[in-house]
Amino acid sequence: MVRFGKVMATTVAVLSIGITGCQKKDTPLSKAFDADRYFSDLKTEKFVIKKAKALDVDAIIAAQPDSWLVEYASTSFDATSGATILTDVTFAAANKPEIGVSIKELSIWGADTTAIVNRLQGKQKNQALPVATRIEATNLKLYGLETLMQPIMDAANVFIIDIAKDDPAMSDIDLTTSFDSYEFTMGKIIINDFVLYPSVLKLIDMPTNAGKANAEISNEEMMEIIHWFQKGANINSMISYRDFAAYDNVFDMAMTQYGKPAKISGTIALTGYKEMHRGDIGYMVTKNFSYGMTMPISPLNKTENTSTQSIEMNTTTEQSEYKDIRLAKAMDHFARGVMPDRTDTDFMSLGIWTIENTISEFNGEKLYNLGSTTFDLSQFYWLIPEKIDIHLENIKYNIAGFANYMEANLSALSPSDAEALGIYDGLSEKMEEIIKVLEKYDMEEPSIDFDFGIKWDGVTGESAINYDLGIDNFTRYGMKARAKLPSYDATLDILTDKSKDVDEEAKKAALDALFRETVKFKEYTVYFKDEGGFDKGFAMVKDFAELAPDNDRIAFLRFSTPEQLREMVASGLMLGATAAQKEFPPAMAYIQSAANFIREGGELTISVVPPIPLSADELQSLDELTQTITPDEIIKKLGVSVVHKP
């Protein structure tokens, strides 16, 4: 076996980092980008560099330091393709040889031996190094990961045991978790146009809140954690490649929990990146990600319940897609330990994420199906998000599956624990009847859509928030609000004021004055839509009441028709309308609209949209205002409306 160079160890670092991503800004990819075809073609492509030269392995070996252990069985040069090929390659750090990477075959195109040797010898370290035009690795295996992960688990065990130490019910339970084995394999990896940039790392040394009285972590430990993240940011900041693709990935993790075996395993058909540069990501995708967990459920009190059950959880996601992430500046600044200049308002973006078709199962039974999820975190003003949009579509919850899942977990409790948690006997027996009622109204697996958005303009302070939740063929509810808030510059000017005569109290007073002068309330609207929910809801109330025939308190529910129950609620609203009208005359029309909505369905919208936006002081003085002007004037000033549309 032959010891090889540090450049190959650097390559392995790239292979590992590529899974988490370090990427290129350039121009955003077209929406028409066909990822399936692109990464399929990349996998089958027969790459060729004409008139290529072999990588001078001996020269690299001579230049490398002794911090890495690299071995391989053979090396050869394919003159037809221009690749230097190594077989049975292994990489490990010299101080931890039990943790490393093995590769069945490693092929490298376009590597410059002289440039690599110069970099290894400390020359040209402030210049970008084009490491290789292309790198291919087959049958790559990360081994010894259990050794790497165990210190993290050891710290978690200490924390868990410390929490439970004063609970007598848990004194005889083994709460520790240990990693027994952890392997990650990849069928094939491809990297195109890999470039290594100069290091920018500058470890910071500053006091933290750790190490003080009652702190669970020392200042030295906290700085070690910060330095670990700084080093990771530096690695991201050093690397660029046009393409990265890992095919046919498999991971297996065996653990011991509560003294019983547990296992997590899964597969990822593809992890692919396009246009990656020093922390920026043009495009990333994962295909057919599936993982399963088998784990024990330990009883909380072994003196009352000595059995330990196991459950199986399985989750699959068809595709996860990420676009236009810009973190290169953040990686660079964090690695150097400096804050970004507040004038750099286009500092970062977390991009747009789309996750398609996620299914979760418990013991072979579906818990939920998430059709589509989109997160838009692409707009930041300095470090502050200007836009957060979340869209979830076609979320289907299997109520029977959730009931079975909860029953399995609760069965591990001792009788006294179950009683303390308010768990009633016979709940599982009733669940079958409850599911039948839900099935009768096609509600055993409701489909839900959800939208949530926040917008804030860092220059003008114009802000908005919206929320929408809908259950298909049942109901929909939403809210939106608009206001003007202080701008970024106005707020930061106060917070960063370092004048000698400005203390924290002065800053607090200045911020309070800024908000009073700047804030303008513009709108608050809520709306409700009946999409069959009233018909189904009142009918289900009657059916559920019939499941408790001996409960006299709900007898009227059993003996009323759904139509009668609906009228009871509508009429109940009107009972207080006369009294409310005496105090506030416009209330009668508003309550009538709400009652009509319950009787007839349709849509009910309640809005407060003042014709002249209200200041913070005006909002605070509304109570006093109601004492000096008429109700009609209040309605006009606030722009209140309650509208029912059948």
Side-chain angles (χ1 to χ4, degrees), residues 6 9-10 13-14 16-25 65 67-68 93 95-96 99 119 122 124-129 148-149 151-152 154-156 158-159 195-240 276-281 325-351 377 380-385 488 491-500 502-504 507:
K6 184 179 179 181
T10 304
V14 175
S16 302
I17 294 164
I19 298 174
T20 54
C22 341
Q23 295 44 81
K24 183 173 182 178
K25 182 176 180 179
S67 56
W68 289 92
N95 62 340
K96 286 188 177 294
I99 306 171
R119 174 60 66 87
Q124 301 175 339
K125 62 182 181 180
N126 294 322
Q127 299 178 15
L129 170 65
L148 185 65
M149 298 295 293
I152 300 174
D154 289 341
V158 171
F159 179 73
V195 179
L196 186 65
Y197 289 84
S199 170
V200 297
L201 182 65
K202 185 177 180 180
L203 297 177
I204 58 176
D205 186 13
M206 64 179 186
T208 69
N209 290 327
K212 295 184 178 180
N214 300 320
E216 296 181 355
I217 185 171
S218 68
N219 190 71
E220 291 75 15
E221 289 172 322
M222 178 58 71
M223 289 311 306
E224 184 178 352
I225 293 171
I226 294 173
H227 290 169
W228 187 87
F229 280 106
Q230 277 195 276
K231 292 174 183 177
N234 183 58
I235 293 174
N236 276 271
S237 184
M238 291 174 63
I239 296 172
S240 170
M276 313 176 183
H277 185 69
R278 311 187 73 179
D280 287 349
I281 306 174
I325 295 174
R326 294 184 291 108
L327 291 174
K329 290 181 181 179
M331 295 297 175
D332 174 83
H333 280 72
F334 192 51
R336 292 186 290 115
V338 297
M339 287 290 291
D341 193 296
R342 52 176 284 194
T343 61
D344 189 356
T345 56
D346 188 25
F347 181 70
M348 61 182 287
S349 166
L350 296 180
L377 304 168
F380 277 71
Y381 200 89
W382 191 57
L383 300 176
I384 305 170
Y488 168 83
T491 305
L492 264 291
D493 284 342
I494 295 173
L495 292 176
T496 58
D497 190 345
K498 297 182 179 179
S499 303
K500 292 183 179 179
V502 177
D503 57 16
E504 291 303 316
K507 288 183 179 181

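One-based numbering along the sequence shown. Note that the structure is a prediction, hence the values are computed from the model and not measured. Hydrogens, waters and symmetry mates play no part in the numbers below; they use all other heavy atoms, side chains included.
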Taking side chain as C-beta onward, heavy atoms only, is [X] less than 4.5 Å from [Y]?
X: D493; Y: R342; answer: yes
X: M238; Y: R278; answer: no
X: P340; Y: L383; answer: yes
X: I325; Y: M348; answer: no

Does the side-chain contact (heavy atoms from CB on, under 4.5 Å) test come out yes or no for I239 and L196, once each step is laid out? CA-CA 5 Å; I239 296 172; L196 186 65; 4.3 Å; yes
[atom1] of [X] to [atom2] of [Y]: how many Å apart, nearest 0.5 Å?
X: M339; Y: W382; atom1: CE; atom2: CH2; value: 4.0 Å
X: Y197; Y: N126; atom1: OH; atom2: CG; value: 14.5 Å
X: K231; Y: N234; atom1: NZ; atom2: CG; value: 10.0 Å

Do the side chain of Q230 and the main chain of L201 share a donor and acceptor less than 3.5 angstrom apart?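 No; judged by distance alone, with no hydrogens or angles, the pair does not exist.
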Donor-acceptor contact present, side-chain T496 to main-chain L492, <3.5 Å: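 Checked: pair present.
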Indicate the atoms forming the closest heavy-atom contact of R119 with K125, along with that distance.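 Looking at all heavy atoms of both residues, the closest pair is NE-CA, 3.5 Å.
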Can you give me the closest heavy-atom contact between P198 and A128, atom names plus distance?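 Looking at all heavy atoms of both residues, the closest pair is CD-N, 4.3 Å.
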Is the count of non-hydrogen atoms from other residues, nucleotides or ligands lying under 6.0 Å from K202 atom NZ greater than 12?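 It does not: K202 NZ has 12 such atoms or fewer within range.
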If you count the non-hydrogen atoms of other residues, nucleotides and ligands that lie under 6.0 Å from CD in Q124, is the total more than 12?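 Result for CD/Q124: enclosed.
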Check side chain to side chain donor-acceptor pair (under 3.5 Å) between D341 and all other residues, then give those that pass, not counting sequence neighbours.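 D341 satisfies side chain to side chain donor-acceptor pair (under 3.5 Å) with T343 once adjacent residues are dropped.
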Taking distance alone, no hydrogens or angles, what donor-acceptor pairs closer than 3.5 Å link side-chain atoms of residues 330-338 to residues at least two apart or in another chain?
from	atom 1	to	atom 2	distance (Å)
D332	OD2	R336	NE	2.9
D332	OD2	R336	NH2	2.7
H333	ND1	K329	O	2.8

Geometric class of the Y381/Y488 ring pair [parallel <30°, tilted 30-60°, perpendicular >60°]: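 Plane angle over 60°, so perpendicular.
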